J.: 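Got a structure here, written out as structure tokens. Questions coming.
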Amino acid sequence: MIIYQVYPRSFFDSNNDGIGDLAGIDAKLDYIKSLGVDAIWISPFFKSPMKDFGYDVSNYREVDPIFGTLADFKRLMAHAKAADLGVMVDMVISHTSEEHDWFKQSRARENGKSDWYLWADPKPDGSPPNNWVSVFGGPAWRWDAERRQYYFHSFFSSQPDLNMHNPAVQEAVLGEMKFWLDMGVSGFRFDACNHIFQDLELRNNPPREDTSAALHPYGFQLHIYDQARPEMLPFLERVRALLDDYGAVSLAEVGGHDALQLMGQYTGANRLHSAYSFALMQPDSSAPYVAKVIRTLEESIHAPAAPCYAMSNHDKPRVATRWLKGRDPEQTAKQMLALLFSMRGDICLYQGEELGLPQADVPFEKLQDPFGISFWPKFKGRDGCRTPMPWNDHIHGGFSLAEPWLPVTAEHLELNVASQEARANSVLRFARDMIALRRALPQLERGGIELLDAPEGVLAFRRHCDGRELVCLFNMETTPLKVPAPGMTQAVLAQHAELDNQTAHLGINGFMLLQAA
């Protein structure tokens, strides 16, 4: 399955208020369909105070007014179904907003919801119950003066974590999923899966030995007790049973220290269908590192489950910048798209990735992300990958007639959709061709994968299906490289590369997809 991620705030603004909306997605369905994808995953559009831009849900069954109405979503669903596009909803079930009625009732110990969230008494000296810290910085416990207890929050303090150990909470969460399944969604992307359960004994996390890469104290701990708990596994089986009743699909976002192995635990015949991690959203683009990711996923995830590969999303710097290494931007973007769509399993393509959009440089005075504002300039936040889609070269890139919530940079304006549609060798045209090639070749669409030995700097693997093979070679370095290619006589696709006497010559940004005649 190929999934196109839509970040609705930044996709297309239909009512010119500076913020993208559901009607804007509806207006651009033909464009999404033209890419050749199977489904769209829409980042949260639920009712929310927007302190974390929709990942702080105050009502799972209402559309936030900035995105439109439930009628708008139903209209989008009908049009997507007519276009044979699935619609996946982003379910945020590790936490809610502090403005959710569940939390208000839990704080007041009303309606049997006293322990629907993770509450704990202070230590005798009034300090938090343990050493857990927040992903976004600072303690993971916030004192509530009304209840006279601390509550736990993995992320912002305005996002209290649900106590998923409580059977009633599990039932309520499954009920929220059922609401959308009854509306006809094709499945869910599950946010922050490794954060859904915590240790009820509230044991302290041990220290991490190497803290050199830590942005703040979260990186000083091994997160053994505040995430990736074993209680998650039987809950996922309950989720899968519900999904199977509707023929719906599931995709897990999995982070944490052992994310690749955890992806294997979270997927399977009785658990989720697929999972992705941030493994290919890191700065390291070396051939050994990418090969290690592939090898670990092949060892961890087995049929009928599948890994999902993603190189960009709304939380991490765009791959076109992150893996550029001083090379030509357009050729690098094409190489990364070729690599992405050569992988085994499901694929997530983030909006703008098909244009080769680089990470936008958003000045401090324009920042919206509180995470970035807190840690500027060491960490510039997530706004650089969330800027509006450039549709044409008009004001604000055709995204909106009003001032957008984040600026459209001049660099993005030059890479707009309309200009790339008109250019035969554009990144957008290449992305469509690459997706079409994946559809046409069973080796790519459903075949197995086998890593191959190759000279240093070259990522090499074989895709195979029904006796047919495709050898994929990628130069991940910044100098030309040569690779033996015995038995290969024909290039199905190549860039800055040629085959001479059973040797592949890969230039900078060079890659080849080879097969025997």
Side-chain angles (χ1 to χ4, degrees), residues 55 57 60 88-96 102 115-120 130 132-135 140 151-155 159-178 187-206 218 221-245 248-279 296-297 299-302 304-308 346:
Y55 283 90
V57 179
Y60 289 97
M88 301 178 70
V89 171
D90 202 329
M91 288 300 295
V92 187
I93 58 175
S94 69
H95 57 270
T96 70
W102 294 349
D115 62 347
W116 275 41
Y117 292 79
L118 198 56
W119 296 96
N130 63 21
W132 297 352
V133 290
S134 164
V135 173
Y151 67 81
F152 173 72
H153 57 92
S154 292
F155 301 98
Q159 296 168 294
D161 274 51
L162 287 161
N163 176 16
M164 292 295 291
H165 295 273
N166 187 327
V169 176
Q170 293 191 22
E171 287 296 332
V173 166
L174 291 170
E176 304 305 276
M177 296 180 204
K178 190 174 186 301
F188 300 107
R189 177 264 192 184
F190 291 101
D191 179 65
C193 277
N194 51 306
H195 289 277
I196 291 176
F197 283 84
Q198 290 76 38
D199 174 44
L200 284 182
E201 295 181 38
L202 305 184
R203 287 171 283 187
N204 284 331
N205 282 327
Y218 190 81
Q221 296 181 1
L222 291 173
H223 294 276
I224 294 173
Y225 296 116
D226 59 345
Q227 61 168 271
R229 302 300 299 161
E231 296 89 344
M232 181 65 171
L233 304 182
F235 174 67
L236 288 178
E237 292 172 5
R238 298 193 67 195
V239 171
R240 179 59 181 266
L242 174 64
L243 294 171
D244 285 349
D245 286 344
V249 297
S250 50
L251 172 66
E253 176 201 61
V254 182
H257 181 61
D258 293 319
L260 299 180
Q261 288 82 3
L262 209 57
M263 287 167 63
Q265 295 178 34
Y266 286 2
T267 56
N270 298 315
R271 295 174 187 164
L272 301 184
H273 297 80
S274 187
Y276 80 91
S277 75
F278 297 100
T296 306
L297 288 178
E299 293 170 352
S300 301
I301 299 180
H302 305 287
C308 181
D346 299 323

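The chain is numbered in sequence order, starting from 1. Because the structure is a prediction, the values reported are computed rather than measured.
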J.: Hey, what do you get for CD1 (I301) to CD (Q265), rounding to the nearest 0.5 Å?
T.: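 Interatomic distance, I301 CD1 to Q265 CD, rounded to 0.5 Å: 11.0 Å.
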J.: Please assess V254 against Y276 for the test side-chain contact (heavy atoms from CB on, under 4.5 Å), listing each intermediate value before the final yes or no.
T.: CA-CA 6 Å; V254 182; Y276 80 91; over 6 Å; no
J.: Run R238 and Q170 through side-chain hydrogen bond (donor to acceptor under 3.5 Å, both in side chains) and show every step you take.
T.: CA-CA 9 Å; R238 298 193 67 195; Q170 293 191 22; 3.2 Å; yes
J.: Answer whether the closest heavy-atom distance between the side chains of V133 and Q221 falls below 4.5 Å.
T.: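 They are in side-chain contact.
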J.: Check A192 against F155 and note the closest heavy-atom contact, atom names and distance.
T.: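 Answer, listing the atom of A192 first, then F155: CB-CZ, 4.0 Å.
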J.: Measuring from S154:OG to H195:NE2, what's the distance to the nearest 0.5 Å?
T.: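 So the OG of S154 and the NE2 of H195 are separated by 5.5 Å.
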J.: Do the non-hydrogen side-chain atoms of R189 and D191 ever get within less than 4.5 Å of each other?
T.: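 Yes, their side chains come closer than 4.5 Å.
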J.: Check this for me, if you would: do K178 and E171 make a salt bridge, where the nitrogen-to-carboxylate-oxygen distance has to be below 4.0 angstrom?
T.: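 No, K178 and E171 are not salt-bridged.
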J.: Could you tell me if the side chain of N163 sits less than 4.5 Å from the side chain of W116, heavy atoms only?
T.: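 Not in contact.
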J.: How long is the span from the OG atom in S277 to the CG atom in D258, to the nearest 0.5 Å?
T.: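 S277 OG to D258 CG: 11.5 Å, rounded to 0.5 Å.
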J.: Under 3.5 Å, side chain of T296 to main-chain N/O of L260, donor-acceptor pair present?
T.: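 Flag not set: sc T296 to bb L260 has no pair under 3.5 Å.
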J.: Taking all atoms of both residues into account, what is the closest heavy-atom pair of F197 and E231, and its distance?
T.: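 Closest approach of F197 to E231: CD2-CB, 3.6 Å.
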J.: Has N205 got a side-chain atom pairing as donor or acceptor with I224's backbone, closer than 3.5 angstrom?
T.: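 Yes: the side chain of N205 pairs with the backbone of I224.
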J.: Could you tell me which non-hydrogen atom of A168 sits nearest to which non-hydrogen atom of N166, and how far apart they are?
T.: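 That would be N-OD1, 2.8 Å.
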J.: Indicate yes or no: at least one non-hydrogen side-chain atom of M263 is less than 4.5 angstrom from one of C308.
T.: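 They are not in contact (no side-chain heavy atoms under 4.5 Å apart), so the answer is no.
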J.: Answer whether the closest heavy-atom distance between the side chains of V239 and L174 falls below 4.5 Å.
T.: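 Yes, at least one pair of side-chain atoms sits under 4.5 Å.
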J.: For the residue pair Y60 and W102, does the interplanar ring angle fall in the parallel (under 30°), tilted (30 to 60°) or perpendicular (over 60°) class?
T.: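 Correct class here is tilted.
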J.: May I ask you to decide if Y218's main-chain N or O and H223's side chain share a donor-acceptor pair within less than 3.5 Å?
T.: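 Yes.
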J.: List the steps, then state whether side-chain contact (heavy atoms from CB on, under 4.5 Å) holds for L200 with L118.
T.: CA-CA 9 Å; L200 284 182; L118 198 56; 4.0 Å; yes
J.: What are the two closest heavy atoms between N194 and G255, and how far apart are they?
T.: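 What the structure gives for the nearest pair is OD1-N, 3.0 Å.
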J.: For H95 and Y117, I'd like to know if the aromatic rings sit close, meaning centre-to-centre distance below 6.0 Å.
T.: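 Ring centroids of H95 and Y117 are no less than 6.0 Å from each other.
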J.: Heavy atoms, side chains only, cut-off 4.5 Å: are Q198 and D161 in contact?
T.: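 Yes, at least one pair of side-chain atoms sits under 4.5 Å.
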J.: Check whether any side-chain heavy atom of D226 lies under 4.5 Å from a side-chain heavy atom of D199, and answer yes or no.
T.: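 SC-SC contact between D226 and D199 ruled out.
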J.: What class does the angle between the rings of W119 and Y151 fall in, given that below 30° is parallel, 30 to 60° is tilted and above 60° is perpendicular?
T.: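 Ring orientation of W119 relative to Y151: perpendicular.
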J.: Looking at W132 and H153, would you say the former's side chain and the latter's main chain have a donor-acceptor pair under 3.5 Å?
T.: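 Not at all, since once roles are kept as given, no pair shorter than 3.5 Å links the two residues.
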J.: So, taking the atom named CD in Q227 and the one named CD1 in I196, what distance separates them when rounded to the nearest 0.5 Å?
T.: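 Interatomic distance, Q227 CD to I196 CD1, rounded to 0.5 Å: 11.5 Å.
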J.: Are side-chain heavy atoms of Y225 and N130 found at a separation under 4.5 Å?
T.: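 When only atoms from C-beta onward are counted, N130 and Y225 do not touch, as no gap falls below 4.5 Å.
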J.: Which residue in the set F190, Y55, F188 passes side chain to side chain contact (heavy atoms under 4.5 Å, CB included) when paired with D90?
T.: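 With D90 as partner, F190, Y55, F188 yield a single side chain to side chain contact (heavy atoms under 4.5 Å, CB included), made by Y55.
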J.: Is there a donor-acceptor contact under 3.5 Å from the side chain of E237 to the main chain of R271?
T.: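 Not at all, since once roles are kept as given, no pair shorter than 3.5 Å links the two residues.
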J.: Say you draw a straight line from CD of E253 to SG of C193; how long is it, rounded to the nearest 0.5 Å?
T.: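 Going from CD on E253 over to SG on C193, the span is 7.5 Å.
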J.: Are T96 and Q159 close enough, and set up right, to give a side-chain contact (heavy atoms from CB on, under 4.5 Å), and what steps lead you there?
T.: CA-CA 5 Å; T96 70; Q159 296 168 294; over 6 Å; no
J.: Taking all atoms of both residues into account, what is the closest heavy-atom pair of P307 and L297, and its distance?
T.: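 P307 and L297 have their closest heavy atoms at CB-CD1, 4.0 Å.
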J.: What are the two closest non-hydrogen atoms of G268 and A305, and how far apart are they?
T.: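 That closest heavy-atom pairing would be N-CB, 3.5 Å.
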